Student: 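Let me give you the structure first, and then I'll get to my questions.
No experiment lies behind these values; they were computed from the predicted model shown.
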Amino acid sequence: MIDAAEIICPICQSPASTSKAMEYHDDRYGYPGKFPLIRCSICGHRFLHAAFPAQALQDLYTNYYPRSYFDLENHPAYRVNNAFVTWLNGELYVPFRWVPKGKKVLDIGCGFGESLGYLREQDCDAYGVEADENIRRVAEKYGYNVHVGLFDPANYQANSFDVVTMGQVIEHVTDPLQTLKDIASVLKPGGIAILSSPNAKGWGAKVFGKRWINWHSPYHLHFFTPTSMRIAAEKTGLRLETVDCITPSYWLHAQWLHLLTYPSPGVASIFWSPGGRWSPVRRLCRFVIRLVHILKFDHLVTRLADVLNIGDNRIYFLRKP
């Protein structure tokens, strides 16, 4: 526990809340340490009080995220379902699904490259950026245009992209204002940046507390509110046009499994990490949780939360004037 009174919000530059900050640990992959989360008293922005140099961040993702286990042969383009199934599953939470056909697109934080496969099928001129070194083997096999490392606007021509997407990425960057400024520099005038990010003011964070699936310390460094995103956009040459709640239904299914397998600090979760050994009791619980998901309970709860604007994920549309 630390006193946040002297800490300044990285978005609006106001003093953080004087209430005590809560400490969080890596409850997925076992990265060591505890990290305090601070809340701004003015714009509501929450941010992790921790310093990660660029190389430390790259090592964090390469060595702890489990993409090295992913199978290249099972790497299809993103599947597109019919309109009802898309809505029920909450599939439009991913920014690249909002990109029109035939656009020049930069996807920052392209993960294992599924977005690039989808954009290629939409006849887009797609480029990716990914800090995780594991993307190299995907890019080499499928011919994707990917920069391995952190996003650097110097690698691209200014005013050259129609769309920049960041799906579940802006919360990971150390300096979101600089990142948004850099995004604005590579967007064409009139271009749009589409971002999605967990909603720490939603129902999930309130109900599940410190065991909410999306605290995801120390990977998630920032939690935006519509107010803090508007301020950030205005400071970086962008304009916030639209905010919506769209949450994938699978997140609630994963939340139940996360609660079932919540680990101690420094220990990797058997749910999130490959090769975890499940006890008979946990296997039975996992079966029940799976059955609940198959019966669409998770889907209905998630859709209702989004309609009430308290879902676990927000999607932001930022326009470059």
Student: Is there a side-chain contact between Phe96 and Gln122, using heavy atoms and a 4.5 Å cut-off?
Tutor: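 The answer is no; the side chains never approach within 4.5 Å.
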Student: Do Leu318 and Leu240 come close enough that some side-chain heavy atom pair is under 4.5 Å?
Tutor: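 Touching, per the 4.5 Å side-chain cut-off.
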Student: Considering non-hydrogen atoms only, spot the tightest contact between Phe224 and Ala232 and give its length.
Tutor: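 Looking at all heavy atoms of both residues, the closest pair is CE2-CB, 4.1 Å.
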Student: Considering all heavy atoms of both residues, which atom of Pro153 and which atom of Val186 are nearest to each other, and what is their separation?
Tutor: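 Heavy atoms only, the tightest pair is CB-CG1, 3.9 Å.
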Student: Answer yes or no: is there a side-chain heavy-atom contact under 4.5 Å between Leu187 and Leu238?
Tutor: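 Yes, close enough: below the 4.5 Å cut-off.
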Student: Which atoms form the tightest heavy-atom contact between Leu221 and Val173, and what is the distance?
Tutor: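 Scanning both residues completely, I find the closest heavy atoms to be CD1-O, 3.7 Å.
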Student: Is it true that Trp272 and Tyr262 have ring centroids separated by less than 6.0 Å?
Tutor: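 For Trp272 and Tyr262, the ring centres are not under 6.0 Å apart.
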Student: For residues Tyr118 and Trp87: do they belong to one hydrophobic cluster (side chain heavy atoms under 4.5 Å, members Ile, Leu, Val, Met, Phe, Trp, Tyr)?
Tutor: no
Student: What's the spacing between Leu260 CG and Ile289 CD1 if we round to 0.5 Å?
Tutor: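 It comes to 5.0 Å.
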Student: Should the pair His299 and His293 be assigned to parallel (<30°), tilted (30 to 60°) or perpendicular (>60°) ring geometry?
Tutor: tilted
Student: In this structure, which one of Thr174, Asp182, Asp175 forms a side-chain hydrogen bond (donor to acceptor under 3.5 Å, both in side chains) with Gln178?
Tutor: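 It is Asp182; the other options fail the test.
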Student: Going by the side-chain hydrogen bond (donor to acceptor under 3.5 Å, both in side chains) test, name the single residue among Lys210, His258, Arg211 that passes it with Asp27.
Tutor: His258
Student: Could you tell me the separation between the OH atom of Tyr316 and the CG atom of Asp244, rounded to the nearest 0.5 Å?
Tutor: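 Answer rounded to 0.5 Å: 11.0 Å.
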Student: First locate atom CD of Glu234, then atom SG of Cys12, and finally report the distance between them rounded to the nearest 0.5 Å.
Tutor: 12.0 Å
Student: Taking the side chain as C-beta and beyond, is there a heavy-atom pair between Asn309 and Arg314 under 4.5 Å?
Tutor: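 Result yes, sub-4.5 Å side-chain heavy-atom pair found.
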Student: Side chains of Ile315 and Trp98: does their closest heavy-atom pair fall under 4.5 Å?
Tutor: yes
Student: How are the rings of His216 and His220 set to each other: parallel, tilted or perpendicular (split at 30° and 60°)?
Tutor: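 The rings of His216 and His220 stand perpendicular, inter-plane angle above 60°.
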Student: Decide yes or no for Phe271 and Arg286: does some side-chain heavy atom of the first lie under 4.5 Å from some side-chain heavy atom of the second?
Tutor: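 Heavy-atom side-chain distance check fails, nothing below 4.5 Å.
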Student: Rounded to the nearest 0.5 Å, how far does OG1 of Thr302 lie from NZ of Lys296?
Tutor: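 So the NZ of Lys296 and the OG1 of Thr302 are separated by 11.5 Å.
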Student: Check residues 158-167 and write down every donor-acceptor pair under 3.5 Å in which the side-chain atom is one partner and the other belongs to a residue at least two apart or another chain.
Tutor:
unit_1: Asn159; atom_1: OD1; unit_2: Lys320; atom_2: NZ; d: 2.7
unit_1: Ser160; atom_1: OG; unit_2: Gln157; atom_2: O; d: 2.6
unit_1: Asp162; atom_1: OD1; unit_2: Lys188; atom_2: NZ; d: 3.1
unit_1: Asp162; atom_1: OD2; unit_2: Lys104; atom_2: N; d: 2.8
unit_1: Thr165; atom_1: OG1; unit_2: Asp107; atom_2: OD1; d: 2.8

Student: For a side chain to side chain contact (heavy atoms under 4.5 Å, CB included) check, start with the C-alpha distance between Cys40 and Ile11, then their side-chain angles and the critical distance, and finish with the verdict.
Tutor: CA-CA 9 Å; Cys40 175; Ile11 303 302; over 6 Å; no
Student: Mark yes when over 12 heavy atoms from residues, nucleotides or ligands other than Lys34 sit less than 6.0 Å from its NZ; otherwise mark no.
Tutor: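 Not buried by this count: 12 neighbours or fewer within 6.0 Å.
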Student: Give a yes or no answer on whether the side chain of Ser41 reaches the backbone of Pro15 with a donor-acceptor pair at less than 3.5 Å.
Tutor: yes
Student: Looking only at heavy atoms, which two atoms of Pro100 and Cys124 are closest? And how far apart?
Tutor: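 Scanning both residues, the minimum pair turns out to be O-SG, 3.5 Å.
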Student: Evaluate the ring planes of Tyr29 and Tyr219, with Trp represented by its six-membered ring, and classify them as parallel (under 30°), tilted (30 to 60°) or perpendicular (over 60°).
Tutor: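 Perpendicular.
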Student: Of all heavy-atom pairs between Asp312 and Trp251, which one has the smallest distance, and what is that distance?
Tutor: O-CZ3, 3.6 Å
Student: Go through Ile270 and Arg282 one step at a time and tell me if the side chain to side chain contact (heavy atoms under 4.5 Å, CB included) criterion holds.
Tutor: CA-CA 10 Å; Ile270 62 171; Arg282 279 180 167 168; 3.6 Å; yes
Student: If the plane angle is over 60° it's perpendicular, under 30° parallel, otherwise tilted; pick one for Trp256 and Phe208.
Tutor: perpendicular
Student: For His222, run the side-chain hydrogen bond (donor to acceptor under 3.5 Å, both in side chains) check against Glu171, His45, Arg46 and tell me which one passes.
Tutor: His45
Student: Once rounded to the nearest 0.5 Å, what's the spacing between atom NZ of Lys103 and atom CG of Asp123?
Tutor: 12.5 Å
Student: Would you say Leu177 and Ile42 are hydrophobically clustered, going by side-chain heavy atoms of ILVMFWY under 4.5 Å?
Tutor: no
Student: Is the side chain of Thr225 donor-acceptor paired with the backbone N or O of Cys43 at a distance under 3.5 Å, no angle test?
Tutor: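 Between the backbone of Cys43 and the side chain of Thr225 there is a qualifying donor-acceptor contact (under 3.5 Å).
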Student: Distance-only, no hydrogens or angles: does the Asp152 side chain make a donor-acceptor pair with backbone N or O of Ala154 under 3.5 Å?
Tutor: yes
Student: Heavy atoms, side chains only, cut-off 4.5 Å: are Arg120 and Tyr144 in contact?
Tutor: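 A side-chain contact under 4.5 Å exists here.
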Student: Are Leu300 and Leu291 joined in one hydrophobic group, where the rule is that I, L, V, M, F, W and Y side chains link up if heavy atoms are under 4.5 Å apart?
Tutor: no
Student: I'd like to know if the side chain of Asp306 pairs up with that of Thr247 as donor and acceptor (distance under 3.5 Å, no hydrogens or angles considered).
Tutor: yes
Student: Whether the Asp298 and Gln255 side chains hold a donor-acceptor pair (N or O, under 3.5 Å, no angle test) is what I'd like checked.
Tutor: no
Student: Within a strict 4.5 Å, meaning less than it, do heavy atoms of the Ile294 and Arg290 side chains meet?
Tutor: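 When only atoms from C-beta onward are counted, Arg290 and Ile294 do touch, with a gap below 4.5 Å.
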Student: Within the distance-only criterion (no hydrogens, no angle test), does the side chain of Arg239 pair as donor or acceptor with the backbone N or O of Arg319 below 3.5 angstrom?
Tutor: no
Student: Please test Phe151 against Leu106 for side chain to side chain contact (heavy atoms under 4.5 Å, CB included), starting from the C-alpha separation and ending with a verdict.
Tutor: CA-CA 10 Å; Phe151 170 52; Leu106 177 63; 3.7 Å; yes
Student: Do His25 and Phe35 have ring centroids that are under 6.0 Å from one another?
Tutor: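 Phe35 vs His25: aromatic centres not under 6.0 Å.
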Student: According to a hydrophobic-cluster definition based on side-chain heavy atoms being under 4.5 Å apart (Ile, Leu, Val, Met, Phe, Trp, Tyr only), do Leu88 and Ile246 belong together?
Tutor: no
Student: Rounded to the nearest 0.5 Å, how far apart are CG of Leu195 and CD1 of Ile170?
Tutor: 5.5 Å
Student: Indicate the atoms forming the closest heavy-atom contact of Thr236 with Lys181, along with that distance.
Tutor: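 Answer, listing the atom of Thr236 first, then Lys181: CB-N, 3.6 Å.
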Student: Between Ser115 and Val94, does a side chain to side chain contact (heavy atoms under 4.5 Å, CB included) hold up when you go through it step by step?
Tutor: CA-CA 9 Å; Ser115 61; Val94 287; over 6 Å; no
Student: When hydrophobic residues are tied together by side-chain contacts of less than 4.5 Å, even through go-betweens, does Val292 share a cluster with Val207?
Tutor: yes
Student: Could you check whether the rings of Trp212 and Phe223 sit parallel, tilted or perpendicular, using 30° and 60° as the cut-offs?
Tutor: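 Trp212 vs Phe223 ring planes: tilted.
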